[in-house]
Amino acid sequence: MADVHDVAAAVLDATGPESPMKLQKLLYYAQAWHLAKYGEPMFDARIEAWRRGPVVPEVYHRHRGQSEVGSWDEGDPRGLTERERSVVGDVVERYGGFSRHELSDMAHAEEPWRAARGALPESEPSSAPLSNKVMARYFRRLTSCPEDAFADAVASVRLEGLEVPDDTRATMRAVAAGELTMDEAIAREIEALRRS
């Protein structure tokens, strides 16, 4: 398992200087995608559900107060395995073009951060840990075939003690099959709510 400081160093080695907030989100996505792909964490440092999204406190306390982080002397990118470097590279390629605020908004919309915070309002502080199990499940679903992703989503809803109505299931299947765009599906669901 990698040391989180080696991962931070590898991220900055790939991106160049970044805001602390963006570094934090890239660490979160590296952990999440490693969990999804390999079923085990990349690093064992805790990720918490802070107001501005997922944060690794162990890293935060070392960059606190900085407006930009240029390098990470506490870590060495060469400490990562080839597999870990590959995940970091994929994450930087996928998310590196987004601003820190865009990444924060994305993380706020994702199940791992929301599940950790529960009913807590976004404006309230929290040190609740993100669940590796939830991160693995959520991000694995993003790479699943449409039918598997659909089944996982329905199962997750059932775990919450709820059921997915038949018309919503039909809409979800139509999106998964490419018969409807997401915008069309949302419009269909809004219209159904207006009629009820």
Side-chain angles (χ1 to χ4, degrees), residues 1-117 120 122 125-144 152:
M1 185 177 299
D3 182 283
V4 71
H5 298 291
D6 292 344
V7 179
V11 167
L12 292 170
D13 194 48
T15 63
E18 286 294 356
S19 72
M21 186 173 165
K22 186 168 178 177
L23 171 61
Q24 288 288 343
K25 302 312 165 267
L26 294 174
L27 289 172
Y28 156 67
Y29 283 117
Q31 180 79 312
W33 281 109
H34 195 276
L35 284 160
K37 289 181 178 183
Y38 302 111
E40 60 187 23
M42 180 184 287
F43 53 83
D44 65 359
R46 178 178 166 117
I47 302 177
E48 296 180 355
W50 289 18
R51 283 187 293 224
R52 292 194 174 185
V55 171
V56 180
E58 186 176 331
V59 171
Y60 173 82
H61 294 302
R62 290 203 168 90
H63 66 57
R64 184 179 191 167
Q66 296 179 28
S67 60
E68 184 177 84
V69 184
S71 63
W72 201 255
D73 296 337
E74 292 88 344
D76 184 347
R78 295 172 298 185
L80 301 185
T81 65
E82 182 58 39
R83 184 168 86 173
E84 293 160 347
R85 279 193 299 275
S86 175
V87 170
V88 168
D90 290 347
V91 164
V92 168
E93 183 177 327
R94 178 181 288 210
Y95 298 100
F98 293 103
S99 74
R100 66 182 188 231
H101 296 294
E102 289 169 327
L103 290 173
S104 180
D105 289 345
M106 287 166 50
H108 279 215
E110 294 165 350
E111 181 184 6
W113 183 82
R114 289 184 294 110
R117 292 183 64 86
L120 195 64
E122 285 190 19
S126 171
S127 60
L130 271 70
S131 161
N132 285 345
K133 184 177 177 181
V134 173
M135 280 191 280
R137 184 182 67 229
Y138 178 81
F139 283 90
R140 192 175 303 121
R141 196 181 310 148
L142 297 179
T143 61
S144 299
D152 285 347

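Every heavy atom of this structure was used, including side-chain atoms; hydrogens, water molecules and symmetry mates were not.
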Undergrad: How long is the gap from CG on Leu35 to CZ on Arg137, to the nearest 0.5 Å?
TA: 12.5 Å

Undergrad: Roughly how far apart are Gln31 CD and Asp44 CG, rounded to 0.5 Å?
TA: 8.5 Å

Undergrad: Tell me, do Arg51 and Pro125 make a side-chain contact under 4.5 Å, heavy atoms counted?
TA: yes

Undergrad: Any side-chain heavy-atom pair from Asp90 and Lys37 closer than 4.5 angstrom?
TA: yes

Undergrad: Can you name the nearest heavy-atom pair linking Val87 to Ala30, along with the distance?
TA: CG1-O, 3.6 Å

Undergrad: Distance from His5 atom NE2 to Glu58 atom CD, nearest 0.5 Å?
TA: 4.0 Å

Undergrad: Restricting to non-hydrogen atoms, name the atom on Phe43 and the atom on Asp3 that form the minimum distance, rounded to 0.1 Å.
TA: CB-C, 4.4 Å

Undergrad: Ring centres under 6.0 Å, that's the criterion: do Tyr28 and Trp113 meet it?
TA: no

Undergrad: For a quick test of reading the model, state the closest non-hydrogen atom pair linking Ser126 to Leu120 and the distance between them.
TA: CB-CD2, 3.5 Å

Undergrad: Would the distance check show the side chain of Glu18 and the main-chain N or O of Val69 forming a donor-acceptor pair, the cut-off being under 3.5 Å?
TA: no

Undergrad: Are the charged groups of Arg85 and Glu82 less than 4.0 angstrom apart, N to O?
TA: yes

Undergrad: Working to the nearest 0.5 Å, report the span between CG of Asp105 and CZ of Phe98.
TA: 11.0 Å

Undergrad: Would you check if Leu26 and Leu103 make a side-chain contact, meaning some heavy-atom pair closer than 4.5 Å?
TA: yes

Undergrad: Any side-chain heavy atom of Tyr95 sitting closer than 4.5 Å to one from Met106?
TA: yes

Undergrad: Any idea which heavy atoms bring Ala116 and Pro129 closest together, and the distance?
TA: CB-O, 3.5 Å

Undergrad: State the CE-CG distance between Met42 and Asn132, to the nearest 0.5 angstrom.
TA: 12.0 Å

Undergrad: Taking all non-hydrogen atoms of both residues, which atom of Pro57 and which atom of Val55 are closest, and how far apart?
TA: CD-O, 3.1 Å

Undergrad: Give a yes or no on whether the backbone of Pro54 and the side-chain of Lys25 come within a donor-acceptor separation of less than 3.5 Å.
TA: yes

Undergrad: Is any side-chain heavy atom of Ile47 closer than 4.5 Å to one of Met135?
TA: yes

Undergrad: Are the side chain of His34 and the backbone of Glu40 linked by a donor-acceptor contact shorter than 3.5 Å?
TA: yes

Undergrad: Quick check: does any side chain N or O of Asp6 sit under 3.5 Å from a backbone N or O of Asp76, one acting as donor and the other as acceptor?
TA: yes

Undergrad: Is any side-chain heavy atom of Gln24 less than 4.5 Å from a side-chain heavy atom of Arg52?
TA: no

Undergrad: Taking atom types as modelled, is there a side-chain donor on Glu110 or Tyr29 under 3.5 Å from an acceptor on the other?
TA: yes

Undergrad: Once rounded to the nearest 0.5 Å, what's the spacing between atom CD of Glu48 and atom CZ of Arg117?
TA: 11.0 Å

Undergrad: For the pair Arg62 (side chain) and Trp72 (backbone), establish whether a donor and an acceptor sit closer than 3.5 Å, ignoring hydrogens and angles.
TA: no

Undergrad: Is a side-chain N or O of His108 found less than 3.5 angstrom from the main chain of Gly53, in a donor-acceptor match?
TA: yes

Undergrad: Below 30° counts as parallel, above 60° as perpendicular, anything between as tilted: where do the rings of Tyr60 and His63 land?
TA: perpendicular

Undergrad: Please give me the minimum heavy-atom distance between Pro112 and Leu130, naming the atom from each residue.
TA: O-CG, 3.7 Å

